[in-house]
Amino acid sequence: MESFQITHFNLRETLYSGQFFNFREEVNGLYTIVNGGDIFQVKQEENMIYYVGVDKNYLIDFFGLDFDEKKLSYFSDDVYFKEAFTLYRGLKIMNIDLFQTIISFVCSAASNQKKIENNIRLISKTFGTFNEKFDRHTFPTPEQILLEGNTLDLLLECKVGYRAKYILSICKFLVEQPTYLHEILRGDYTTSHKLLMNLPGIGSKVADCICLFGLHHMQAFPVDTWIKKILSTWYGIEGSQKHLELQAKEKFGDYGGYIQQYLFHYAREKKLL
DNA sequence: TACCAGGTAAAAG
DNA sequence: CTTTTACATGGT
């Protein structure tokens, strides 16, 4: 295995923070990770990262290791963020395969982390390409998902429930419009968010998660049930979904997504609220 | 057994 | 334009 040194990175904390759902822990802290068509293994021991299957630059991009934390200094006086950052520094915002992120967060609606992980694992196993070296399946392309005739039934076997029809429609849409994912990748935050909202099963919150974890648009601030409680209890911000989104963008600024992830992780881990 | 889960879309007010 | 409800499934 190759290796490199890194400070202020926590692999486990990052993987389990609810951004990413396609990994498996092997023995003693070794993780096998599926990111779109790429499969690789990573392990952390203190400040060393050991890896096989991809190169160092890939991991820096995937785990967002080049993010300059000084950019968050404008919010460092906030008591809740300060506490969360002290506890969980090393939690990074990832940069995950776009299509996999889209499907993952379509599955996230009214679900939970364990269920989403199971959905994504089953979708990989059912539609993806088997990789002998790592004994895992890639995450499929839209074409691969449509390849089987009875896609809807197969998706239901992946236990995605009512989200199956959304996934099927999204795959058809993306196959009919082959440049659409590139347009999403190329656009700025506002453009990408709009393009994502055109897809069935994707509303404002899911689009923001995809913008943040799949496109690294740091100003995306997903307002979910946890964040609603946080905004209300800690910051006295209440109102409609639209109102909360606007207020949050104003309060948390250009790197609101990063701050949001710390607050979210902190509230969940400590079982606050 | 109920109720809820990193919501969305469609129906109804 | 705002509020309510159905939607599949599994965790707690």
Side-chain angles (χ1 to χ4, degrees), chain A residues 13-23 80 84 88 91-94 96 100-123 125-126 151-173 193-215 217-218 220-234 237-249 252 256-273:
Chain A
E13 211 77 68
T14 300
L15 284 175
Y16 283 98
S17 67
Q19 311 175 46
F20 181 69
F21 308 95
N22 209 341
F23 64 95
Y80 296 105
Y88 301 112
L91 166 60
K92 298 294 184 181
I93 299 291
M94 296 172 68
I96 307 157
Q100 180 172 318
T101 308
I102 288 173
I103 301 305
S104 298
F105 282 94
V106 166
C107 289
S108 78
S111 188
N112 58 61
Q113 197 162 348
K114 279 186 180 172
K115 262 192 75 177
I116 303 164
E117 283 171 10
N118 191 235
N119 294 154
I120 297 306
R121 189 180 310 124
L122 288 169
I123 289 172
K125 195 166 184 178
T126 305
T151 296
L152 196 63
D153 290 336
L154 287 172
L155 283 170
L156 287 170
E157 286 175 28
C158 297
K159 304 300 179 186
V160 297
Y162 68 88
R163 307 161 193 88
K165 59 182 182 294
Y166 296 142
I167 296 172
L168 183 58
S169 300
I170 288 172
C171 290
K172 284 179 178 169
F173 184 98
H193 191 269
K194 266 185 200 147
L195 292 173
L196 286 164
M197 292 261 292
N198 285 340
L199 299 174
I202 299 185
S204 192
K205 184 269 169 186
V206 166
D208 269 330
C209 283
I210 299 165
C211 282
L212 186 56
F213 306 129
L215 300 169
H217 287 142
M218 298 295 188
F221 193 100
V223 175
D224 61 35
T225 51
W226 284 88
I227 292 296
K228 276 179 192 165
K229 287 185 216 166
I230 288 171
L231 289 177
S232 168
T233 311
W234 294 353
I237 299 174
E238 296 186 18
S240 67
Q241 180 79 18
K242 190 80 190 163
H243 177 76
L244 294 177
E245 288 174 3
L246 289 171
Q247 292 295 302
K249 286 218 167 57
F252 296 92
Y258 219 103
I259 294 161
Q260 174 270 166
Q261 188 64 9
Y262 271 85
L263 297 177
F264 173 80
H265 192 63
Y266 175 46
R268 284 209 319 179
E269 289 289 306
K270 293 290 182 186
K271 304 190 191 308
L272 307 172
L273 308 174

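Per chain, numbering begins at 1; letters A, B, ... match sequence-line order.
- Residues from residues 262-273 of chain A with heavy atoms under 4.0 angstrom of DNA chain C: there are none.
- For the pair A:I102 CD1 and B:dT8 P, the computed distance is 14 Å after rounding to whole Å.
- Between B:dG7 and A:T225, a contact under 4.0 Å exists linking OP1 or OP2 to a side-chain N or O.
- In this structure, the CD1 atom of A:I116 is 14 Å from the C1' atom of C:dA8, given to the nearest Å.
- When only modelled atom types and interatomic distance are considered, A:H243 and A:E238 share no side-chain donor-acceptor pair under 3.5 Å.
- For A:W226 and B:dG7, the CH2 to C1' distance is 16 Å, given to the nearest whole Å.
- One can find a donor-acceptor pair under 3.5 Å joining the base of B:dG6 and the side-chain atoms of A:Q261.
- Using a 4.0 Å heavy-atom cutoff across all strands shown, A:S169 reaches no nucleic acid atom at all.
- Remark: P of C:dA6 and OH of A:Y166 are 14 Å apart, rounded to the nearest angstrom.
- Summary of the strand contacts: A:M197 and A:C209 both lie near DNA chain B, and taking for each the nucleotide with the nearest heavy atom, the more 5' one is attributed to A:C209.
- Residue A:K228 places no side-chain N or O under 4.0 Å from the OP1 or OP2 atom of B:dG7.
- Proximity of A:S17 to A:M94: side-chain heavy atoms (C-beta onward) are nowhere separated by under 4.5 Å.
- Spacing between B:dG6 and C:dT2 at atom P, rounded to whole Å, works out to 27 Å.
- Under the 4.5 Å side-chain criterion, counting only non-hydrogen atoms from C-beta, A:Y258 is not in contact with A:L212.
- Residues A:N112 and A:A109 both approach DNA chain C. Their nearest nucleotides, taken by heavy-atom distance, put A:A109 toward the 5′ side.
- Side chains of A:K205 and A:S108 form a contact here, defined as non-hydrogen atoms less than 4.5 Å apart.
- The residue A:K165 sits close only to the backbone: its heavy atoms come under 4.0 Å of sugar-phosphate atoms, none of a base.
- The OH-C1' distance, from A:Y162 to B:dC4, rounds to 12 Å in whole Å.
- Taking atom CD1 of A:I210 as the reference point, atom P of B:dG7 lies 13 Å away to the nearest angstrom.
- Atom NZ of A:K228 has more than 12 neighbouring heavy atoms from other residues, nucleotides or ligands inside a 6.0 Å radius.
- In this structure, A:I123 atom CD1 and C:dA8 atom C1' are separated by 14 Å, rounded to whole Å.
- Between the side chain of A:Q260 and the base of B:dG6, a donor-acceptor pair under 3.5 Å is found.
- Using a 4.0 Å heavy-atom distance criterion, A:K159 is classed as a sugar-phosphate-only contact.
- Using a 4.0 Å heavy-atom criterion, one finds that A:S204 contacts the sugar-phosphate atoms exclusively.
- Note: A:Y262 and A:Y80 fail the aromatic proximity criterion, with ring centroids not under 6.0 Å apart.
- In this structure, B:dT1 forms no base pair with any nucleotide, since neither Watson-Crick nor G-U wobble geometry is met with both distances under 3.5 Å.
- Panel note: side chain A:Q100, backbone A:F20; no donor-acceptor pair is recorded below 3.5 Å.
- Counting any heavy atom pair closer than 4.0 Å across all strands shown, A:G18 reaches a base atom.
- For the pair A:Q241 (side chain) and A:V223 (backbone), a donor-acceptor distance under 3.5 Å is present.
- The nearest whole Å value for the distance from the CD1 atom in A:I167 to the P atom in B:dT8 is 14 Å.
- Residue A:F213 is classed as a base contact, given a heavy-atom separation below 4.0 Å to a base.
- Of the C1' atoms belonging to B:dA9 and C:dG10, the separation is 23 Å, rounded to the nearest Å.
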